[in-house]
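Heads up: the structure comes next, in structure tokens.
None of these values were measured; they are calculated from a predicted model.
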Amino acid sequence: MIVFLSLGSNIGNRENYLKKAITAIASLEKNSVVEISSVYETEPWGNKNQAMFLNQVIAVESELGPLEFL
């Protein structure tokens, strides 16, 4: 199954946190990261009193079922 995950960070070294998340997800058994989007900077919504976000989407191919993946 292919799973799409939306990643985001607005604290500290935002780009580094995205890279660490991708590395951690890729290291999980029965999962492999197969696609990585560009990084986009977006404004916060809801609580506007916070830093800008970096967002990215990854596609993960997994041998796990939906509940196991979660």
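Taking the side-chain hydrogen bond (donor to acceptor under 3.5 Å, both in side chains) definition, one finds that Thr42 meets it with Asn55, sequence neighbours left out. Every side chain to side chain contact (heavy atoms under 4.5 Å, CB included) that Glu63 has, sequence neighbours left out, goes to Lys30. Every salt bridge (charged side-chain N to carboxylate O under 4.0 Å, His left out) that Glu41 has, sequence neighbours left out, goes to Arg14. For Asn10, the side-chain hydrogen bond (donor to acceptor under 3.5 Å, both in side chains) test picks out Gln50, with sequence neighbours left out.
When all heavy atoms are compared, the tightest approach of Gly8 to Phe53 is C-CD2, 4.5 Å. Tyr17 and Ser9 make their closest contact through CD1-OG, 3.6 Å (heavy atoms, listed as atom of the first residue, atom of the second, distance).
In this structure, Met52 shares a hydrophobic cluster with no other residue, the cluster being traced through Ile, Leu, Val, Met, Phe, Trp and Tyr side chains under 4.5 angstrom apart. Hydrophobic clustering, defined by side-chain heavy atoms of Ile, Leu, Val, Met, Phe, Trp and Tyr closer than 4.5 Å, groups Ile22 together with Met1, Val3, Leu5, Leu7, Leu18, Ile25, Val33, Ile36, Val39, Leu54, Ile58, Val60, Leu64, Phe69.
Counting non-hydrogen atoms of neighbouring residues, nucleotides and ligands closer than 6.0 angstrom, the CG atom of Asn49 reaches no more than 12 such neighbours. More than 12 non-hydrogen atoms from other residues, nucleotides or ligands lie less than 6.0 angstrom from CG of Leu70.
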